[in-house]
Every structure is written in C-alpha cells, then in structure tokens.
Amino acid sequence: MNTIPKIHAAHKHFFRSQITKDVSYRINFLKKLKAEIESKEQAIYDALYEDFKKPEFESHLSEFALVISELDLAIKNTKKWSKPERVRSSILTFPSSDYIYKDPYGIVLIIAPWNYPFVLAMAPLIMAIAAGNTVVLKPSELTQNTSLLLTEIIENVFPKDLAISVEGGVDVSTELLAQHWDYIFFTGSVKVGKIVAAAAAKHLTPVTLELGGKSPCIIDDSIDLKLVAKRLVWGKFLNAGQTCIAPDYVLIKSNIKEKFIGLLKSEIISFYGNDPKTSPDFARIINASNFERLNKMLQDVNVVFGGAIDSENLYIAPTLIDEPTLESKVMQEEIFGPILPILSYGTIEDLKAVIWNYDKPLALYTFSKDTAFKAKILRTFCFGGGAVNDTLIHFGNQKLPFGGVGSSGIGQYHGKFGFDTFTHNKALVKRGTWFDPNFRYAPYKNKLKLLKTVFKYFS
Ligand code: NAD
C-alpha cells in the first residue's frame, strides 16, 4: 500500500479509537500548536518573504495574528461549543428531553492555496481539530518555504494519525481526493473547486469550497474620495493584489472618475514611492505562469498608471486601467494581481449590467454616504460578504461568517462558524417511558380527529 491510502487508513482507525472525542485532549493540542507557532513567529515571516517577498507587516496582519486569534478563540470555547445543546421539546415528543449533539465528522481533508498560505491552511485545521476530527492537510506546492514550515509545525505538535501535512502538487491532491473522507475543506480557484466537488460527490462527502470570482467596488459621488482612494489602494495592492477578496474592479460614478484616478495615483505613490519595485512593502507575483497571465491582461487596454513589469523578479507595478471593455481579458476573469480596472457608471441599471455579467462575487464593496443608495446596493446584489466604506476588513471579524455564494463558494468558516463547519449536529430525543398514550398506534379508527386537534393547537 502506498503512503496516501496508508495515511487515510491510519486516520480512520485513529478516529474510530474515540480519542478525539475527549475535549481536553483537543484543547491540549491547540495549546501546544499555539506555543509552537509563537516560537516560530520569525521563521513564518521569513518563509513568506522567501516565497513571494511578502512584507513582514502584512504577514503579521493577514496571517500570523489571524491564526493566533483563531487559536485563542478555539482554546477558550471548544469546551462550551462541544457540549450537547438542549432545545425545547415538542408536544409530539412529550415526554422527552431534546438535544443537539456536536459530533465531529471524522477524517477531514484540507487543501490550501498559496496566496495566504499560512492562515488559509491553519485556520480550518484549528477548527477541525477543535471539533474533534483528524486532519490531513495538503498545503500549496507554490509556496515551498511556508509549506515546509507548516509541515514541520504540524509534525512537532500532533501525532501523525491526528494531523499530518502531505506536501505535493496536483498528483498528490488527486490521489488524496480519490480517498473517501468524511469532510473536505478546499480553498482555491473555481476551476479546481469543481474538480474537488466532483471527487467529493463520488462518496457523497460534504464539502466547504472557498473559491474566488470578480469582486466589484462601487463608489458613488457622496463621499470623501481621498479616504476612498486610500482604503481601496490598501485593499487592492496588499499581497500585490493576490487576495481572494481583493476589489477586482471599480465601478465609479462617471462625474468623479477623473478626479478619483488622480487620487488613486497619489495614494499609490504615497504607499510605495515613485518606484514600487524598490519598496519593501510591495509583494511579488507568485510564479512565472501567474506573471504571464497578468501580463496578458495589460495588452490592448488603456493603462493610465503603472504598467511596469520585470519578468525576472516577477514584479508587476500597481497598475490602473481606464474603461476596459467587458470583452477585454482583464474583465473576463478574476485578476488576482496588482491591476485595477476602473469603469464608470451612471445609474443602478448600469451597475446591474456589469455585476450580473458575472457569477455571484465573493466580496462586494460600496463606498457612499447616501443611505438609500447603500441600502439599494445591498438589497440588489448577492455576494459572499463585504464592507461598506472599506475593503477586506470583514475577513478580520471572527463573529462574521466568511465564505462565498454560488460559484464563489459553498459553506462558511471563521470563529464558531468554523467549528460548526466541522461538526455534525446530531439530533437526539431522549424519550420518557412513564407516559405512552395509545393514539399514534394502529388501529387508527376514531383517532384522526384527535390527531388533527393536536397538530392544530400544539405543533
Ligand atoms: P488552485 O485552485 O490552483 O490551487 C489550490 C489547491 O488545489 C492547491 O493546493 C493545489 O495544489 C490544488 N490543485 C490545483 N490543481 C488541482 C487539480 N487539478 N486537482 C486537485 N487539486 C489541485 O488555487 P490557487 O492558485 O492556489 O489560489 C488562487 C485561487 O484561490 C483564486 O481563484 C482565489 O480567489 C482563490 N482563493 C479563495 C479564497 C477564499 O477564501 N475564498 C482564499 C484564497 C484564494
């Protein structure tokens, strides 16, 4: 037997031993994981820098700190969240005590992407362990330094039958997906999400799919544009635009577009200087194929700022594109890089024509001071999550569920939503034996009227 089926069988065996049902067993490992991660803080920043020159500040903000707060929350609440929840019983079950038992699914497969390679692997792993599952993690092959470190951290903390990191590319992922898991949690592209869903369907395995899409940013003319420009430049160019919830393109009221482009230019310069290539605060494109993909988006469009590239260093400058057509490459697929198309609109109908041209987005951002306009946008468009008057920040609140809708994803996580994702709600009625009226049992003659009355008054 080769390694992957062996690991799969070992996890199944280990889960069935019932060891993970012990809540304090789980919490001990979460504490150990926290200590290990804290002891490797600098190594994590170094690995992310080696992988794509991710600035330490961004690594702390968007990876390390999020993982630690997810761990703190899980350590504090796992005991409470795991307890059976008592619910009111029904007249139909009387006499009874009714509960929702919190069952772990069992053996979980987590497949992670490269763009936030630490947090997008660790956050689901933490909640899967907190909920009492075993975990096989497949980190991304594109961030070799971070993936190696993830493997080392997991090896140092967990017995390998409880959690293990299996490194590799598509072949390893494919072999993992061929196994029968109890739950699959996937973060990555829509294209691969469909492959994962098809593999899961073979075994009817439940899935969470955290995918992508084209996330719009709508700006009307009622708001201070300088603040908008600052918040948009931050959300778009963090991680060099390689963020699943980055604003993909801007839709701005036509009368303020020119002024806004000017403000975007000055904010980009104030963030990264006149030559962002020399800025220590601007990351690189992950690999040559993504660089080429992005480079093609710069052809045959009106670049009004940036546009500089350096293939050797996988550098693409923060770039603004004015009024690309919907047929242009940059408007045909998720950008996932430091290129920002700016389109103007006049009416809500114009917004619908663009946004409904795509599948439901993972995120949507609206900048406006006009209450009626904001309400209309939020009511009209369906999207995974988002923010009013800012970008990205909904990712940081553990009290908010994070996930897509339609082709931007299935399911949600973060905080307790993550724990719930990896938990089966087992419904249980504990029936009393001291009272057993005969009316539900055959023969039914003369009982229907009574049954109807019971339903009418008590259900
Ligand atoms: P990807 O889909 O190429 O890869 C993700 C994972 O799937 C990797 O571990 C990879 O090894 C594996 N994989 C790749 N091809 C596979 C195949 N044919 N069969 C089985 N497994 C395969 O995605 P990526 O390039 O790493 O990440 C970028 C995409 O992820 C973007 O579309 C982005 O929007 C999305 N994303 C979404 C979220 C979210 O939370 N919704 C977060 C980050 C990234």
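In listed order, ligands and their atoms are each counted from 1. Being a predicted model, the structure only gives us computed values, none of them experimental. In this chain, numbering begins with 1 at the start of the sequence shown.
Less than 6.0 angstrom separates the ring centroid of Y25 from the ring centroid of F29.
The proximity of V190 to ligand 1, defined as any non-hydrogen pair under 4.0 Å, does not occur for either the backbone or the side chain. With a 4.0 Å heavy-atom cut-off, ligand 1 is reached by the side chain of L362 but not by its N, CA, C or O. Residue contacts with ligand 1, taken as heavy atom pairs separated by less than 4.0 Å, do not involve Y116 at all. Counting heavy atoms closer than 4.0 Å to ligand 1, residue S408 contributes nothing at all. Both the backbone and the side chain of T187 come within contact range of ligand 1, each with a heavy atom under 4.0 Å.
E334 OE2, 2.6 Å is the protein heavy atom nearest to atom 34 (O) of ligand 1. Of all protein heavy atoms, the one lying nearest to atom 15 (N) of ligand 1 is V192 CG2, 3.4 Å. For atom 33 (C) of ligand 1, the closest non-hydrogen atom of the protein is F336 CE1, 3.4 Å. What sits closest to atom 43 (C) of ligand 1 on the protein, heavy atoms only, is N115 OD1, 3.1 Å. Nearest protein neighbour of atom 21 (N) of ligand 1, counting heavy atoms only, is S173 OG, 2.8 Å. Of the protein's heavy atoms, S189 N, 3.4 Å lies nearest to atom 23 (O) of ligand 1. Among all protein heavy atoms, the one lying closest to atom 7 (O) of ligand 1 is F186 CE1, 3.4 Å. Nearest protein heavy-atom contact of atom 35 (C) of ligand 1 is G188 O, 3.1 Å.
A salt bridge links D420 and K416; the closest N-O separation between the charged side-chain nitrogens and carboxylate oxygens is under 4.0 Å. A salt bridge is defined here as a Lys NZ or Arg NE, NH1 or NH2 lying under 4.0 Å from an Asp or Glu carboxylate O, and K34 with D72 meets this definition. Residues E141 and K138 are paired through a salt bridge, judged by an N-O separation under 4.0 Å between the basic side chain and the carboxylate. Taking 4.0 Å as the cut-off between side-chain N and carboxylate O, E85 and K102 count as a salt-bridged pair. The pair K257-D322 counts as a salt bridge, with a side-chain nitrogen and a carboxylate oxygen less than 4.0 angstrom apart. Salt bridge D220/K253: absent, no basic N to carboxylate O contact under 4.0 Å. Ion pairing between K329 and E333 holds under the 4.0 Å rule for side-chain N and carboxylate O.
Remark: of the listed residues T134, D182, I184, D182 is the sole one forming a side-chain contact (heavy atoms from CB on, under 4.5 Å) with Y105. If you run side-chain contact (heavy atoms from CB on, under 4.5 Å) between L340 and each of I321, L264, T319, only L264 comes through. Residue Y183 is tested with Y413, F422, F15 for a ring-ring contact (aromatic ring centres under 6.0 Å, His included); the sole match is F422.
In summary, the atoms of ligand 1 found under 4.0 Å from a heavy atom of L120, numbered by their order in the structure, are 42 (C), 43 (C). Those atoms of ligand 1 that come under 4.0 Å of a heavy atom in K138, given as number and element, are 8 (C), 9 (O), 10 (C), 11 (O). Per-residue contacts place W114 under 4.0 angstrom from the following atoms of ligand 1 (heavy atoms of the residue considered): 24 (P), 25 (O), 26 (O), 27 (O). Residue-ligand proximity, P113 to ligand 1, at heavy-atom distances under 4.0 Å covers atoms 26 (O), 27 (O), 43 (C). Under a 4.0 Å criterion applied to the non-hydrogen atoms of I111, ligand 1 contributes the atoms 6 (C), 7 (O), 9 (O). Near E210, meaning under 4.0 Å from one of its heavy atoms, ligand 1 places the atoms 37 (C), 38 (C), 39 (C), 40 (O), 41 (N).
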What's the verdict on salt bridge (charged side-chain N to carboxylate O under 4.0 Å, His left out) for K32 and E36, showing C-alpha distance, side-chain angles and the deciding distance?
CA-CA 6 Å; K32 220 175 144 190; E36 173 74 10; over 6 Å; no
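Panel note: side chain T143, backbone T146; no donor-acceptor pair is recorded below 3.5 Å.
Between F395 and F402, the angle of the ring planes goes over 60°, which puts this pair in the perpendicular group of the 30/60° scheme. Note: W181 and H8 have perpendicular aromatic rings, judged against thresholds of 30 and 60 degrees for the angle between ring planes.
Distance screen at 4.0 Å: atom 26 (O) of ligand 1 has a protein heavy-atom neighbour inside the cut-off.
Considering backbone and side-chain N/O of I195, none are found under 3.5 Å from N/O of ligand 1. Ligand 1 has an N or O atom lying under 3.5 Å from an N or O atom of L211, backbone or side chain. Of the N or O atoms in Y413, none lie within a sub-3.5 Å distance of an N or O in ligand 1.
Among S289, C244, A112, the residue whose heavy atom sits closest to atom 6 (C) of ligand 1 is A112.
Note on ligand 1: G404 sits outside its first shell, no heavy atom being nearer than 4.0 Å.
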